[in-house]
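All values reported here derive from a predicted model rather than from experimental measurement.
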Amino acid sequence: MLSAPPVPPIPAHSLLVFLLQVGLLLVLALLFGRVAARLGLPAVVGELCVGVVLGPTLLGHVPGGLAGWLLPRQPEQFHLLDAAGTLGVLLLVGITGMELDLALIRRRGRAALGISLAGLVLPLGLGLAAGRYVPSSFLGPAVTGRSVFALFLGVAMCVSAIPVIVKTLSDMNLLHRNVGQLTLAAGTIDDVVGWVLLSVVSAMATTGVHPSTVATSLMWLVVVAVAATTAGRWLLGGVLRLTERTTGPGAPAAVVVATVVLCSAATQAMGLEAVFGAFVAGMVLSRSGSPVLARLAPVRAFVMSVLAPLFFATAGLRVDLTALRHPVVLGFALLVLFLAVLGKFTGAFVGARFSRLTKWEALAIGAGMNSRGVIEIVVASVGLRLGVLTTDSYTVVVLVAVVTSLMAPPILRFATRHIEQTAEETLRARVSARTRGEQLDPA
């Protein structure tokens with residue numbers, strides 16, 4: 001019996017293009033990140049702009065066919081970049097989960113929940129209202145009634161962007177601050193609810209919504225929570241203890257990366273999105289208490305300096321902002337942007353104030369939660385693929401993602417100047433720095 005022929009390797013030209021793409025994106029991400037830093041913005045802002053420059057918004061209009069050669073539209077070529085970028089964002093979110101102070105979250109859980117709920121309900125309601133009255137030209141071909149489009153727009157407006165929030169807080173050295181930890185906790189809750197709502201609206205756009213759709217998503221959430229706090233934690237703790245006798249970061253790094261990737265695969269299979277699994281994996285790793293986690297500085301440096309910038313640069317390659325030259329599209333974009341900022345920022349601010357945070361802490365959390373970034377671009381891509389959005393409405397949602405990501409850093413910087421750092425935050429910063437292999441000023 002003859003065996004099946006082997007799978008052919010990647011074609012030489014496809015490999016060449018992929019290597020050139022990765023190299024160029026990394027170089028430009030570094031340069032744009034440095035420019036953003038010079039302008040007083042986190043590096044992630046410049047990294048997000050790389051894809052916009054190299055995508056159809058700018059490079060796509062340069063004569064000579066350079067864009068078509070460097071960034072061909074064939075799915076199999078583009079998906080190579082997607083795969084590299086996805087690995088980067090999963091590891092970025094996993095590392096962030098490891099730095100989340102769960103003791104603070106337990107103490108301030110009511111505050112995080114209040115911020116999250118207020119930051120969900122208000123933008124979701126405004127999105128539902130706006131979706132009822134937008135011109136029909138913005139409704140995708142799969143939309144048979146405005147309720148589907150309205151719900152989708154509400155979901156797009158209520159999500160946060162954990163990867164962008166993480167990178168922004170990290171670039172601004174705010175991950176150890178209480179406002180940073182609360183922003184991450186509330187943003188995580190928002191995104192979990194957002195992915196569940198997205199699964200519902202996706203079902204409405206395809207086969208119709210059924211109670212079983214929502215019940216299945218909630219069931220998997222419970223399964224993840226139980227596994228993370230029981231068997232998953234014990235199993236991972238045992239594996240990490242086996243690596244304590246090794247020297248160097250090799251074995252611990254492999255265990256951590258494998259854990260993040262496999263947990264991401266598990267939640268992706270459940271329909272809960274891979275990023276959620278990566279974040280849960282990071283939290284489980286942090287709760288293991290294993291001393292080998294202090295030897296992961298090389299992994300963190302590679303993720304933060306190479307894989308994460310590659311992901312953010314890749315994210316903008318599908319964006320075409322030239323559609324905004326049409327007055328109707330621009331007007332709709334400005335309206336949606338206004339409602340999105342009003343809903344998310346005001347909701348998070350009010351939720352923080354009701355949780356007895358100061359006005360400056362509430363302002364910082366509102367700015368962080370308002371950042372939609374790449375997650376909203378992912379949501380928009382789902383809407384375009386399902387036929388809920390047209391190209392114009394897709395561009396509008398992407399514009400909200402980019403602008404809100406640009407808004408967050410200056411507001412965060414202004415607000416945190418008025419928030420005194422506590423002894424607990426200083427201790428948390430030192431522990432985090434030791435984990436990363438950095439040195440802090442003893443003062």
Side-chain angles (χ1 to χ4, degrees), residues 41-42 44-45 48-49 51-52 55-57 118-135 137-140 146 149-161 163-165 168 187 190-191 194 197-198 312 315-316 318-350 363 365-384 388-412 414:
L41 299 171
V44 64
V45 174
L48 282 169
C49 292
V52 176
T57 301
L120 270 171
V121 174
L122 188 55
L124 180 62
L126 291 175
L128 287 169
R132 293 285 184 178
Y133 300 102
V134 300
S137 59
F138 291 100
L139 276 61
R146 283 186 174 269
F149 180 84
L151 181 57
F152 187 90
L153 187 60
V155 172
M157 289 171 61
C158 76
V159 297
S160 295
V164 174
I165 292 173
T168 300
D190 277 11
D191 280 355
L197 290 176
L198 183 62
F312 288 114
R318 290 183 172 89
V319 177
D320 187 0
L321 298 179
T322 58
L324 299 176
R325 68 181 184 273
H326 302 295
V328 175
V329 179
L330 179 60
F332 177 57
L334 293 176
L335 174 63
V336 173
L337 176 62
F338 172 75
L339 293 177
V341 174
L342 175 67
K344 195 70 173 181
F345 194 99
T346 304
F349 182 89
V350 171
L363 183 64
I365 291 174
M369 294 283 289
N370 186 48
S371 178
R372 270 55 166 225
V374 177
I375 298 301
E376 190 160 22
I377 294 176
V378 172
V379 172
S381 300
V382 172
L384 189 64
V388 177
L389 301 180
T390 64
T391 302
D392 289 343
S393 51
Y394 168 80
T395 299
V396 169
V397 176
V398 169
L399 177 68
V400 173
V402 174
V403 173
T404 54
S405 297
L406 292 173
M407 289 175 59
I411 301 176
L412 273 169
F414 173 75

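- The closest donor-acceptor contact from the side chain of Lys344 to the backbone of Gly366 lies at 3.5 Å or more, if one exists at all.
- Across Asp392 and Ala323, no two heavy atoms sit closer than the pair OD1-CB, 3.7 Å.
- With sequence neighbours left out, Thr346 forms a side chain to side chain donor-acceptor pair (under 3.5 Å) with no residue at all.
- Legend: residues meeting side chain to side chain contact (heavy atoms under 4.5 Å, CB included) with Ser137, ordered by chain and number and at least two apart, are Pro135.
- Side-chain contact between Thr390 and Ser393: present, with at least one pair of heavy atoms (C-beta onward) separated by less than 4.5 Å.
- By the side chain to side chain donor-acceptor pair (under 3.5 Å) test, Arg146 pairs with Ser136, sequence neighbours left out.
- The minimum heavy-atom distance linking Asp190 with Cys158 is given by the pair OD2-O, 4.1 Å.
- Counting only heavy atoms from C-beta outward, the side chains of Leu151 and Leu128 approach each other to under 4.5 Å.
- Side-chain contact between Val134 and Leu139: present, with at least one pair of heavy atoms (C-beta onward) separated by less than 4.5 Å.
- To the nearest 0.5 Å, the span separating CZ on Phe345 from CD1 on Ile365 amounts to 10.5 Å.
- Across all their heavy atoms, Ala380 and Val398 have their closest contact at CB-CG2, 4.3 Å.
- In this structure, Ser371 contributes its side chain and Gly368 its backbone to no donor-acceptor pair below 3.5 Å.
- Taking CG of Leu122 as the reference point, atom CZ of Phe349 lies at 13.5 Å (rounded to 0.5 Å).
- Across Leu324 and Ala333, no two heavy atoms sit closer than the pair CD2-CB, 3.9 Å.
- Residue Pro123 comes nearest to Gly343 through the heavy atom pair CD-O, 3.5 Å, listed as atom of the first residue, atom of the second, then distance.
- Listed here is the closest heavy atom pair of Leu389 and Leu384: O-CD1, 3.6 Å.
- Judged purely by atom type and a 3.5 angstrom limit, Thr404 uses its side chain to pair as donor or acceptor with the backbone of Val400.
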